[in-house]
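Worksheet: the structure to be examined is printed underneath.
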There are 2 protein chains.
Amino acid sequence: MLTESASLDDGKLSTPIFRSTRNDALEFRRPSTSFIPRGRALFWEGEEEAQKIEIVEGVVRAVRLLENGNRQILAFYWPGDVVMPTHSTNQQYTAEAVTDCRVIRSKVSGVCRSDEPCGAHQVLADTLSLVLTMSQKNCVARIAWLLLRIRPHLPADLKRPEALRLQLPRADIADHVGTSLETVCRTLAEFKAKKLIDLPNRKTIRFINLEGLARISNGPAFD
Amino acid sequence: MLTESASLDDGKLSTPIFRSTRNDALEFRRPSTSFIPRGRALFWEGEEEAQKIEIVEGVVRAVRLLENGNRQILAFYWPGDVVMPTHSTNQQYTAEAVTDCRVIRSKVSGVCRSDEPCGAHQVLADTLSLVLTMSQKNCVARIAWLLLRIRPHLPADLKRPEALRLQLPRADIADHVGTSLETVCRTLAEFKAKKLIDLPNRKTIRFINLEGLARISNGPAFD
DNA sequence: CGTTATTTTGACCCATGTCAATACGGGTGG
DNA sequence: CCACCCGTATTGACATGGGTCAAAATAACG
């Protein structure tokens with residue numbers, strides 16, 4: 001599958017906490033904090049464990065694989081989010097690390113209540129809005145919608161003022177909004193040309209005109 | 001499952017339009033069936049009642065409405081199915097009668113467990129496969145997929161042997177698989193021309209070549 | 001520095017949405 | 001029972017969004 005080269009290429013820029021000093025080399029100071037290298041799965045479809053996973057650092061994607069090799073990314077999860085299996089008989093999706101991650105695993109009860117909803121409720125909300133977005137909006141609107149959604153979670157790029165580190169590769173964006181990698185590129189270029197965003201480099205984004213993006217994300221009707 | 005002869009169309013003559021719904025405060029009361037005319041809502045987005053609704057007869061759709069007036073049908077429910085609100089703070093969808101329906105309402109607890117999952121789990125499973133279908137398959141495959149899914153639930157057409165009563169209007173099919181009404185028509189006509197199905201009239205369908213339909217529903221890769 | 005993964009840009013064209021005209025067909029009232 | 005009517009369905013013509021293939025450019029990595 002993916003290279004688990006454990007090279008902290010992403011980590012060194014985005015994760016000042018992790019690896020900040022040599023002394024912290026072992027993260028086991030904090031109980032049950034574990035490290036997940038980029039590309040590795042946190043759990044798989046079909047796994048039955050009842051656990052919850054809090055993301056401390058990094059980005060996680062919920063994925064369903066398909067017969068033909070294609071994949072659908074159902075949702076992204078960010079630091080502070082808690083990822084849980086649906087407690088049905090088996091997972092409906094796989095959780096994978098988009099970037100190097102640090103997470104905290106803990107047990108969870110078999111029932112879910114309003115104060116502690118299980119993974120199903122969490123994923124449901126995301127998935128519902130995804131279905132709506134996918135079925136009602138065109139590619140441009142979907143990508144604008146995605147950018148606005150992820151923006152609050154993106155870490156600042158230390159070197160460039162006002163710029164954020166876009167942590168998702170183009171392919172992941174494409175597999176989330178249900179389009180091709182090429183269309184993502186073209187659309188981002190279009191946004192840049194329209195001065196809605198700036199792209200200092202491939203992994204960095206600067207939001208310039210949020211209202212414009214929001215208007216586009218509402219769909220072609222409002223151009 | 002529960003194959004009813006289901007000639008409710010006649011039944012509405014003798015049935016009182018609406019049994020005034022006072023919520024049965026006592027859980028163990030013998031449930032009474034209520035009649036829901038075509039087009040009426042069983043519950044709405046945002047409603048907070050904790051109830052479950054068993055469909056005795058007819059078809060129900062789970063709908064989300066959109067700003068621009070479009071709608072997305074998340075799922076259809078059939079006799080024997082139990083429709084439940086997600087027990088989160090509010091509904092994520094509206095339930096409406098596609099055809100005249102008879103249903104049984106009853107109270108439900110605030111928690112959900114494996115043996116009695118709440119609406120979220122139910123809708124989640126449907127919605128997940130919907131997302132996958134929508135993002136990965138073309139219109140033809142999506143419509144074939146829908147036909148195969150609804151087939152087990154369709155009541156027989158008494159007058160024509162082997163024929164089933166297609167209870168969903170074209171518009172509902174379109175709003176479920178995320179395409180236009182016209183494309184649904186064209187695709188059905190195409191299936192008929194290829195002798196995969198027959199359409200004796202607008203509300204009747206006869207399945208001829210299930211394998212062929214299944215192949216198409218797997219996507220364009222397998223033509 | 002050479003090699004590889006990721007991204008960008010271009011060319012082409014098919015599937016599907018949209019607009020528009022027509023044809024059913026099932027209720028309703030006479 | 002018939003004729004009318006309106007919602008639903010069908011079919012056609014047309015434009016285009018976005019998928020696919022291909023090649024080049026950039027960044028990442030040893």
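A, B, ... follow the sequence lines: proteins, then strands. Residue 1 opens every chain.
The shortest distance between the side-chain N/O atoms of B:T179 and the OP1/OP2 oxygens of C:dG17 is below 4.0 Å. The phosphate of D:dG19 has OP1 or OP2 within less than 4.0 Å of a side-chain N or O from A:T183.
Between B:E96 and B:R61 there is a salt bridge, with a side-chain nitrogen of the basic residue lying less than 4.0 Å from a carboxylate oxygen of the acidic one. A:R71 and A:D172 are joined by a salt bridge, as a carboxylate oxygen and a charged side-chain nitrogen come within less than 4.0 angstrom of each other.
As rounded to whole Å, 12 Å separates atom C1' of C:dT8 from atom CG of A:L199. Taking atom CG of residue B:D172 and atom C1' of nucleotide D:dT8, one finds them 12 Å apart after rounding to whole Å. Per the geometry, NZ belonging to A:K137 stands 17 Å off C1' belonging to D:dG17, to the nearest Å. In this structure, CG of B:D175 is placed 14 Å from C1' of D:dT8, rounded to the nearest angstrom. If you measure from atom CG of B:N201 to atom P of D:dT8, you get 16 Å, rounded to the nearest angstrom. Straight-line distance from the CD1 atom of B:I205 to the C1' atom of D:dA9: 15 Å, rounded to whole Å. Distance, A:M134 CE to C:dT16 P: 15 Å, rounded to whole Å. For the pair B:E182 CD and C:dA21 P, the computed distance is 14 Å after rounding to whole Å.
Within 3.5 Å, no donor on the side chain of B:R142 pairs with an acceptor on the base of C:dT16, nor the reverse. Side chain A:R202 to base D:dT26: a donor-acceptor pair is found below 3.5 Å. Taking 3.5 Å as the limit, the base of D:dG17 and the side chain of A:R186 contain no donor-acceptor pair of atoms between them.
Note on A:R170: only backbone sugar-phosphate atoms sit closer than 4.0 angstrom, heavy atoms only; bases stay farther off. Within 4.0 Å of B:C139, counting heavy atoms only, lie sugar-phosphate atoms of the nucleic acid but no base atom.
Map A:G178 and B:L181 each onto its nearest nucleotide of DNA chain D; the residue landing nearer the 5' end is B:L181.
Side chain to side chain, A:R149 and A:S129 meet the donor-acceptor criterion of an N or O pair below 3.5 Å. Under 3.5 Å, the side chains of A:Q72 and B:S135 contain a donor-acceptor pair of N or O atoms.
Between A:L42 and the choices A:T94, A:V83, A:I36, the side-chain contact (heavy atoms from CB on, under 4.5 Å) rule is met once, by A:I36.
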